[in-house]
Student: 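I'd like to ask you about the structure that follows.
As a basis for the values below, the full set of heavy atoms in this structure was taken, side chains included, without hydrogen atoms, waters or symmetry mates.
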Amino acid sequence: MNHLSLIIGYISMGSAWLLMIVIALVSLIVQWRFKSKFKQYSETPLLSGLSGQEVAEKMLQDNGIYDVKVISVEGPLTDHYDPENKTVNLSPDVFYSRSVASAAVAAHECGHAVQHAKAYAWLSLRSALVPIINVASTLTQWTLFIGVMLLFFMHNPYILAIGVAALALVTLFSFITLPVEFDASNRALAWLNNNYTVMQTREEHEQAKDALWWAAMTYVVAALSALATLLYYASFLFNRRS
């Protein structure tokens, strides 16, 4: 703990704050780029004419998964796989669309279903941490602000220390999410590449790869943002205590 305090002590609050600003700007650029790419490829018809629903159902069947349902859920960009209910949930823009983007997103979410069926270690770890992270996320909402006030006015570091510990768990969860998302995209792209009946040209595959890469980048900047926030509050805690 003393070594950790010493290391974080060298990180000034100003440096951590600057890092947060830089990552926030990068995040805005990545989000804009992702939405731009998704819009572009959503308007690019899939030559096979398959809908997102049909792509998802075919990928599940090709992987021998018959106990997972593909359903439509309301809202834009609400696509996700639910391991508890065993459902691939696709937004209407993906479920009904017959575009390159819808095929890429549908295959990616099915990639998570394949991970679940094969007991992919990172997904299992991530799922096991969800209840803990829900509690940690709730703690960070009030312990960080109150902890800073108590440390500043009463020199009491304990509440802020709890908040920093909870934020550390949330940050760890963000980084554990990265291999899960990248692996799901890799599984999706490998399957799409081997299925001429779904994507019939190399250009379509490259477009799907581009869309999924920018989607993955949103998770990367989210993890980096969480890390920068953690460093800021940790530096505040340890610098004030020292």
Student: If you take all heavy atoms of L212 and S185, which pair is closest and at what distance?
Tutor: CB-OG, 3.9 Å

Student: Is a side-chain donor or acceptor of S225 paired with a backbone partner of V221 at a separation under 3.5 angstrom?
Tutor: no

Student: Ignoring hydrogens, what is the shortest heavy-atom contact between S91 and T78? Give both atom names and the distance.
Tutor: CB-OG1, 3.5 Å

Student: Any side-chain heavy-atom pair from R187 and Q115 closer than 4.5 angstrom?
Tutor: yes

Student: Considering all heavy atoms of both residues, which atom of A208 and which atom of L189 are nearest to each other, and what is their separation?
Tutor: C-CD2, 4.1 Å

Student: Under a 3.5 Å cutoff, is there a donor and acceptor pairing between the side chains of T87 and N85?
Tutor: no

Student: I would like to know whether L77 and F34 meet side-chain contact (heavy atoms from CB on, under 4.5 Å); could you show each step before the answer?
Tutor: CA-CA 11 Å; L77 301 178; F34 164 64; 4.1 Å; yes

Student: Would you check, one step at a time, whether the test side-chain contact (heavy atoms from CB on, under 4.5 Å) holds for T201 with L47?
Tutor: CA-CA 8 Å; T201 66; L47 294 180; 3.6 Å; yes

Student: How long is the straight-line distance from CH2 of W213 back to NZ of K37, given to the nearest 0.5 Å?
Tutor: 10.0 Å

Student: Between E204 and Q200, is there a side-chain donor-acceptor contact under 3.5 Å, judged purely by atom types and distance?
Tutor: no

Student: Would you say R98's side chain and G49's backbone share a donor-acceptor pair under 3.5 angstrom?
Tutor: yes

Student: Look at the side-chain heavy atoms of Ile, Leu, Val, Met, Phe, Trp and Tyr, link any pair under 4.5 Å apart, and say whether I132 and I176 land in one connected group.
Tutor: yes

Student: Nearest 0.5 Å, what's the CD1-CG distance between I23 and L28?
Tutor: 12.0 Å

Student: Take atom NZ in K209; do more than 12 heavy atoms of anything else shown fall under 6.0 Å from it?
Tutor: no

Student: Are L123 and Y219 joined in one hydrophobic group, where the rule is that I, L, V, M, F, W and Y side chains link up if heavy atoms are under 4.5 Å apart?
Tutor: no

Student: Would the number of heavy atoms belonging to other residues, nucleotides or ligands and lying under 6.0 Å from CZ of F175 be above 12?
Tutor: yes

Student: Counting distance only, does the side-chain N/O of E181 pair as donor-acceptor with the main-chain N or O of L178 below 3.5 Å?
Tutor: no

Student: Hey, quick one: are Y66 and L60 part of the same hydrophobic cluster, counting side-chain heavy atoms closer than 4.5 Å, chains of contacts allowed?
Tutor: no

Student: Salt bridge or not for K58 and D62, using N-O below 4.0 Å?
Tutor: yes

Student: Of all heavy-atom pairs between L237 and A161, which one has the smallest distance, and what is that distance?
Tutor: CD2-CA, 3.9 Å

Student: Taking the side chain as everything from C-beta on, heavy atoms only, tell me whether S51 gets closer than 4.5 Å to Y96.
Tutor: no

Student: When you look at V70 and F95, which way does the side-chain contact (heavy atoms from CB on, under 4.5 Å) test go after all the steps?
Tutor: CA-CA 9 Å; V70 180; F95 189 87; 4.1 Å; yes

Student: Which value, rounded to the nearest 0.5 Å, describes the distance between L129 atom CG and L169 atom CG?
Tutor: 8.0 Å

Student: Measuring from R33:CZ to T218:OG1, what's the distance to the nearest 0.5 Å?
Tutor: 14.5 Å

Student: side-chain contact (heavy atoms from CB on, under 4.5 Å), that's the test. Do T44 and S99 meet it? Break it down for me.
Tutor: CA-CA 5 Å; T44 305; S99 66; 5.7 Å; no

Student: State, with a plain yes or no, whether a side-chain heavy atom of W191 is found less than 4.5 Å away from one of V114.
Tutor: no

Student: Which distance, rounded to the nearest 0.5 Å, do you find between the CD of Q61 and the SG of C110?
Tutor: 10.0 Å

Student: Would you call R202 and N193 a side-chain contact if the rule is heavy atoms closer than 4.5 Å?
Tutor: yes

Student: For the residue pair T140 and S137, what are the closest heavy atoms and their distance?
Tutor: OG1-O, 2.7 Å

Student: With a 4.5 Å cut-off on side-chain heavy atoms, are L167 and L144 touching?
Tutor: yes

Student: Quick one: does N63's side chain have a donor or acceptor within less than 3.5 Å of a partner on M59's backbone?
Tutor: yes

Student: Do you know which of H116, H112, E109 makes side-chain hydrogen bond (donor to acceptor under 3.5 Å, both in side chains) with Y81?
Tutor: H116

Student: Nearest 0.5 Å please: distance from the CD atom of Q53 over to the OG atom of S97.
Tutor: 12.5 Å

Student: Could you verify whether a donor N or O on one side chain and an acceptor N or O on the other, from D183 and N186, lie under 3.5 Å apart?
Tutor: no

Student: Is there a donor-acceptor pair under 3.5 Å between the side chain of N156 and the backbone N or O of Y158?
Tutor: yes

